[in-house]
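Reviewing the structure listed below.
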Amino acid sequence: MPLALLALAVGAFGIGTGEFVIMGLLPNVADDLHISIPTAGHLVSAYALGVVIGAPLLAAVTARLARRTVLIGLMALFVAGNALSALAPGNDTLLAARFLSGLPHGAFFGVGAVVATGLVAPERKARSVSLMFMGLTVANIAGVPVATLVGQHLGWRATFLGVGVIGLAAIASLHFLIPHDHTHTTAAGLRGELAALRSLPVWLALGTTVAGFGALFAAYSYITPMLTDAAGYADASVTLLLALFGVGATIGNLAGGRLADHSLRGTLFGGLAALAVVLGFFPLLMRAEWSAALAVVLLGTAAFVTGSPLQLMVMEKASAAPSLASSANQAAFNLANAGGAWIGGLALAAGFGVTSPAPAGAALAVLGLAVAALAYTVDRRRSTTAPARERLIATHVPDHPEHTENVPG
């Protein structure tokens, strides 16, 4: 695999750390800015809103620029957002800074995935995407816990400065490691990129992402009360258990990339089915500490097996202009984050118990399987009708003599 993929992974590591670290620092931010924790929680929503808006918008407006330049510019915007977060005098400024930090997130992963697949042979495309995403999963193992500890001991502002430094390292890596000859877009430009979103297969792939990762976040958003109230873990143990989720996510991500290079659809169907099974058994696994720890690892593994296949599927369905569709998949991921958490919250509010978000997530995984199956059916139908149409055109005999050929004899 090319060393250039390391530059993309470094950027993904910085973005992943910057996105998730705020969740562990909400009490510190709330105390320092004299706001409530629910009010501080809007900082999470502001970042997610930035991702959803920025992913398609920035991918569209940069459609004709060299992708290497786009990646560096997006990371510079991420650094600026984190620097502003560290210097924010109050909650309103911090909200704006978190929104700014989220803007480049989806476009970076979207454009980065296109660059990653262009660096390798066709049979290694899914693995190249998984190696870039590995920066995101490793952030959950090392980046977020370390950054949280820094914030708790040196202040949350120091954490955002540190994330900004990671972003600067990513800029240097992108500048020196991404080759120029793999960075230019097709001639489609903005019009071609927008046309890609009119494809039904693209929307079905995006719908699979929303349902599949919505299943993950329906449960993961409420994993802490499950571990403490159901499994009996102490609050201090939750950070280590969340690191175990990152281990599972890394395993699933790497396995999904390798498997998807052999069977894209098979890996996607298998991952969604495994996710539905894991979430279905979650309430049972949460009855003991050892099985709860195993459940956390299995959840990360099953969910992230589908990451690379989904990203690659969206890109293939929009092969003429993949950057916008690829970035839109990252927006879909964040919609899944918000929607999954909302659905899991509905199960809790209905009084079904502390582990009830997991079965709700299992239902979403089954929905994702249904959407993926519909996408497969549409593809099969299109693949059978296209050759028939071509044969009809090939066998058509023109009515005008001037268009016919003289056959001797």
I want to check something: taking the side chain as every heavy atom from C-beta on, are Leu131 and Leu254 in contact at a cut-off of under 4.5 Å? yes
Going by heavy atoms in the side chains, are Asp32 and Arg157 under 4.5 Å from each other? yes
Evaluate the side chain to side chain contact (heavy atoms under 4.5 Å, CB included) criterion for residues Val165 and Leu161: first the C-alpha distance (whole Å), next the side-chain angles of each, then the deciding distance (0.1 Å), finally the verdict. CA-CA 6 Å; Val165 170; Leu161 286 177; 5.7 Å; no
Do Phe269 and Leu264 come within less than 4.5 Å of each other through their side chains, counting heavy atoms only? no
Rounded to the nearest 0.5 Å, what separation is found between the CG atom of Leu119 and the CG atom of Leu5? 5.5 Å
Are any side-chain N or O atoms of Thr355 and backbone N or O atoms of Pro283, one a donor and one an acceptor, separated by less than 3.5 Å? no
Side chain to side chain contact (heavy atoms under 4.5 Å, CB included), that's the test. Do Gln311 and Thr209 meet it? Break it down for me. CA-CA 9 Å; Gln311 189 73 33; Thr209 297; over 6 Å; no
Separation between CD of Glu19 and CG of Leu136, rounded to the nearest 0.5 Å: 7.0 Å
Student check: side-chain heavy atoms of Val378 and Leu200 closer than 4.5 Å: yes
Which atom names give the shortest non-hydrogen contact between Ala331 and Pro56, and what distance separates them? CB-CD, 4.4 Å
Asn253 (side chain) donor-acceptor with Ser130 (main chain) under 3.5 angstrom: yes
Between the side chain of Ser101 and the main-chain N/O of Ala97, is any donor-acceptor distance below 3.5 Å? yes
What distance do Arg258 atom CZ and Ser308 atom OG have between them, rounded to the nearest 0.5 Å? 12.0 Å
Evaluate the criterion side chain to side chain contact (heavy atoms under 4.5 Å, CB included) for residue pair Ile53 and Phe99; output intermediate values, then yes/no. CA-CA 10 Å; Ile53 293 176; Phe99 176 80; 4.0 Å; yes
Does Ala169 offer a backbone N or O that forms a donor-acceptor pair with the side chain of Ser173 under 3.5 Å? yes
N/O donor-acceptor pair under 3.5 Å between Thr306 side chain and Ala302 backbone: no
Would you say Leu279 and Leu299 make side-chain contact, with heavy atoms under 4.5 Å? yes
In short, Leu310 meets Thr208 closest at the heavy-atom pair CD2-CG2, 3.6 Å
Taking NE2 in His153 as the centre, count heavy atoms belonging to other residues, nucleotides or ligands within less than 6.0 Å. Is the count above 12? no
Is a side-chain N or O of Thr117 found less than 3.5 angstrom from the main chain of Ala113, in a donor-acceptor match? yes
Using the ring-ring contact (aromatic ring centres under 6.0 Å, His included) definition, which of the options Phe109, Phe13, Phe108 pairs with Phe133? Phe109
Residue pair Arg68 / His175, side-chain heavy-atom distance below 4.5 Å: yes
I'd like to check the ring-ring contact (aromatic ring centres under 6.0 Å, His included) partners of Tyr222; sequence neighbours left out, ordered by chain and number. none
Considering only heavy atoms from C-beta outward, does the side chain of Trp203 approach that of Lys317 to under 4.5 Å? no
Within the supplied structure, the quantity of interest is the number of heavy atoms (other residues, nucleotides, ligands) at a distance under 6.0 Å from Phe281 CZ; does it exceed 12? no
Distance, nearest 0.5 Å, that separates CG of Asn28 from OG1 of Thr159: 8.5 Å
Please table the atom pairs, donor to acceptor, closer than 3.5 Å between any side-chain atom in residues 35-42 and protein atoms at least two apart or in another chain.
residue : atom : partner : partner atom : Å
Ser36   : OG   : Thr39   : N            : 3.2
Ser36   : OG   : Thr39   : OG1          : 2.8

Donor-acceptor contact below 3.5 Å, side chain Ser356 vs main chain Gly353: yes
Minimum-distance pair of heavy atoms, taken over all atoms of Glu289 and Gly232: OE2-O, 3.5 Å
Taking Ser128 as the fixed residue, which of Leu312, Asp261, Val120 is the one that meets the side chain to side chain contact (heavy atoms under 4.5 Å, CB included) rule? Val120
Once ring-ring contact (aromatic ring centres under 6.0 Å, His included) is applied, what residue pairs with a partner in residues 329-349 remain, sequence neighbours excluded? Phe213-Phe333, Phe217-Phe333
Verify, without hydrogens or angle tests, whether Arg127 (side chain) and Gly257 (backbone) share a donor-acceptor contact under 3.5 angstrom. no
Side chains of Ile72 and Thr69: closer than 4.5 Å at any heavy-atom pair? no
Is there a donor-acceptor pair under 3.5 Å between the side chain of Thr301 and the backbone N or O of Ala249? no
Test log, rule side chain to side chain contact (heavy atoms under 4.5 Å, CB included), inputs Val146 and Thr17: CA-CA 9 Å; Val146 171; Thr17 302; over 6 Å; no
Ignoring hydrogens, what is the shortest heavy-atom contact between Leu77 and Pro104? Give both atom names and the distance. CD2-CD, 4.0 Å
In terms of heavy-atom contacts, Met75 and Gly167 come closest through CG-O, 3.4 Å
Supply the atom-to-atom distance Leu95 CG to Leu100 CG, rounded to the nearest 0.5 angstrom. 12.5 Å
Ser326 and Val114: which non-hydrogen atoms are nearest, and at how many Å? CB-CG2, 4.2 Å
Would you call the rings of Tyr220 and Phe245 parallel, tilted or perpendicular, taking 30° and 60° as the class edges? parallel
